[in-house]
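Below is one structure, written out as structure tokens, with a few remarks after it.
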Amino acid sequence: MSIASTQADKKSSNHFNKIKVSGVILVDKPQGMTSQQVVSKVKYLFKSPNHDSKKAGHTGTLDPMATGLLPICMGEATKFSHYQLDADKSYQATILLGGQTDTGDADGQIVAQAPIPKFDDVLLDKVAQQFLGAQQQIPPMYSALKKDGKKLYEYARAGIKVERAPRDIVIKAIDLKALDHEKIQLTVTCTKGTYVRVLGEDIAKAMGTLGHLTALRRTQVGDFKINDAITLSDLEVLAFDNRQEQLMPVDACINIEAEMVLTVEQCERIHMGQRLNVFEQLTDSLRDYISTSISHQSSVSENNDIQLDSDIVSSDDDQQPLIHEIPVDIRLINQQGQFLGLGAVSLNGRLQPKKLIQR
């Protein structure tokens, strides 16, 4: 055997024996860093000769100017990150009135100016009510959305403006407070895909002027809150073992409470990708959960003209699945209470393994 082959085998063996870092960490993102730079820093801080931290990703981009809550999923937790990508988010922002920038925030250049009208909190309450509820928003040119395989901000930097389709968003809570004669504090809770920069510009226009954000801080993502986050500087000064203690479980992003306990034999079968018949294990509470979830899916389908999550159901193209065949995601745990992953179960008792973690 050649020396090169021996070294390659040794390298492969060392990598195979490393402990995969898995879990969710809540980071308080500093100003001036991109979200991906924060992910890279976290991966570095969790890396060691015995630990593999290569697989990681965040659950929703924050602009470089923004600070605040950035949940980062590592290892096996990345399989469930989409639950937080879809979650509602809360922000606090400062809107400076009188000037519009090309980016919608203080990182851009002033492109237009307008007089600032007099205002008070009574007027701001009236303006805020205009933005509460369901609406459509056109994404800004300075964003990472893609058109024809190219990010919008790349077009913007080249001086090219492209058409952007409006997106459906919901402003679930909004509050405006005067900070002084030219600055407003915006506190908002909104659905995914909402650009607070655009919201700030629209609020200024509703007041008869122009505006842009000078500060933006994310305070909540789903059930995750900024008070539970750690700064990068605080994470860095911790000993390596103490950093591990900052990790939440791999299923921290999952907002599903329904669960099913599997036997040893069932655990072995699902890890081989086999489908199970769990009809006898469907409790009344599980049946209620499945039925309620199906009703919710049906409602969403009618409102958004989308199909039910029936990718597991075998049926003809023109035939909708029967109610008892529609699968719903639940947690799977073993008899020791350990989380195994997610499965899709239907009222007919069929359970299909969906996303399982590797220990």
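Counting non-hydrogen atoms of other residues, nucleotides and ligands closer than 6.0 Å to CD of Glu257 gives a total of 12 or fewer. Remark: Asp284 CG is loosely packed, at most 12 non-hydrogen atoms of other residues, nucleotides or ligands lying under 6.0 Å away. Within a 6.0 Å radius of CZ in Phe279, no more than 12 heavy atoms belonging to other residues, nucleotides or ligands are found. Counting heavy-atom neighbours within 6.0 Å of Lys225 NZ, excluding the residue itself, gives a total of 12 or less. Within a 6.0 Å sphere centred on NZ of Lys43, other residues, nucleotides and ligands contribute more than 12 heavy atoms. The environment of CD in Gln136 is crowded: more than 12 heavy-atom neighbours from other residues, nucleotides or ligands sit within 6.0 Å.
Closest heavy-atom contact between Ile226 and Leu69: CD1-N, 3.5 Å. Contact between Lys192 and Leu85 at its shortest, heavy atoms only, is CB-O, 3.6 Å.
Ile256 is listed as a side-chain neighbour of Tyr83, based on a closest heavy-atom distance under 4.5 Å. Proximity of Asp63 to Asp107: side-chain heavy atoms (C-beta onward) are nowhere separated by under 4.5 Å. Residues Gln266 and Leu351 fail the side-chain proximity criterion, which asks for heavy atoms closer than 4.5 Å. The shortest side-chain heavy-atom distance between Cys253 and Cys73 falls under the 4.5 Å cut-off.
Note: Gln92 CD to Gln220 CD = 13.0 Å, rounded to the nearest 0.5 Å.
Judged by distance alone, with hydrogens and angles left aside, the side-chain atoms of Thr191 form a donor-acceptor pair with the main-chain N or O of Val170 at under 3.5 Å. Checking side-chain atoms of Arg218 against main-chain N and O of Leu70 turns up no donor-acceptor pair under 3.5 Å. Looking only at distances, a side-chain donor or acceptor of Ser295 sits under 3.5 Å from a matching main-chain atom of Ser291. Judged purely by atom type and a 3.5 angstrom limit, Ser22 uses its side chain to pair as donor or acceptor with the backbone of Glu76. When atom types are taken as modelled, the side chain of Arg269 and the backbone of Gln274 share no donor-acceptor pair closer than 3.5 angstrom. In this structure a side-chain-to-backbone donor-acceptor pair under 3.5 Å is missing from Asp175 to Lys177.
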Step by step, would you call Leu238 with Leu45 a side-chain contact (heavy atoms from CB on, under 4.5 Å)?
CA-CA 10 Å; Leu238 291 178; Leu45 292 176; over 6 Å; no
Assess the residue pair Val24 and Thr59 against the criterion (side-chain contact (heavy atoms from CB on, under 4.5 Å)); give the C-alpha distance rounded to whole Å, side-chain angles, the decisive distance to 0.1 Å, and a yes or no.
CA-CA 10 Å; Val24 179; Thr59 64; over 6 Å; no
After noting the C-alpha distance and the side-chain angles of Met260 and Leu286, does the key distance pass the side-chain contact (heavy atoms from CB on, under 4.5 Å) rule?
CA-CA 8 Å; Met260 177 175 287; Leu286 267 178; 3.7 Å; yes
Apply the test side-chain contact (heavy atoms from CB on, under 4.5 Å) to residues Leu145 and Lys147: give CA-CA distance (whole Å), side-chain angles for both, the deciding distance (0.1 Å), then the verdict.
CA-CA 7 Å; Leu145 294 178; Lys147 182 177 178 64; over 6 Å; no
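Residues Asn50 and Ser48 bring no donor and acceptor atom of their side chains to less than 3.5 Å of each other. Gln137 and Arg167 form no side-chain donor-acceptor contact under 3.5 Å, judged by distance and modelled atom types alone.
Residue pairs meeting the ring pair (Phe, Tyr, Trp, His ring centres under 6.0 Å) criterion with at least one partner in residues 182-210, sequence neighbours excluded, do not occur; the list is empty.
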Below 3.5 Å, can you tabulate the donor-acceptor pairs from side chains in residues 110-126 to any protein atom, sequence neighbours excluded?
residue: Asp120; atom: OD1; partner: Val122; partner atom: N; Å: 3.2
residue: Asp120; atom: OD1; partner: Leu123; partner atom: N; Å: 2.9
residue: Asp121; atom: OD1; partner: Ala178; partner atom: N; Å: 3.0

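The residues Lys41 and Glu236 are annotated as salt-bridged, a charged nitrogen and a carboxylate oxygen being separated by less than 4.0 angstrom. Ion pairing of Arg217 with Asp28 is present here, as a side-chain N (NZ or NE/NH1/NH2) and a carboxylate O approach within less than 4.0 Å. Between Lys183 and Asp180, at least one side-chain N (NZ, or NE/NH1/NH2) sits under 4.0 Å from a carboxylate O, which counts as a salt bridge.
Hydrophobic clustering of Ile, Leu, Val, Met, Phe, Trp and Tyr side chains at less than 4.5 Å, counting indirect connections, keeps Val250 apart from Val221.
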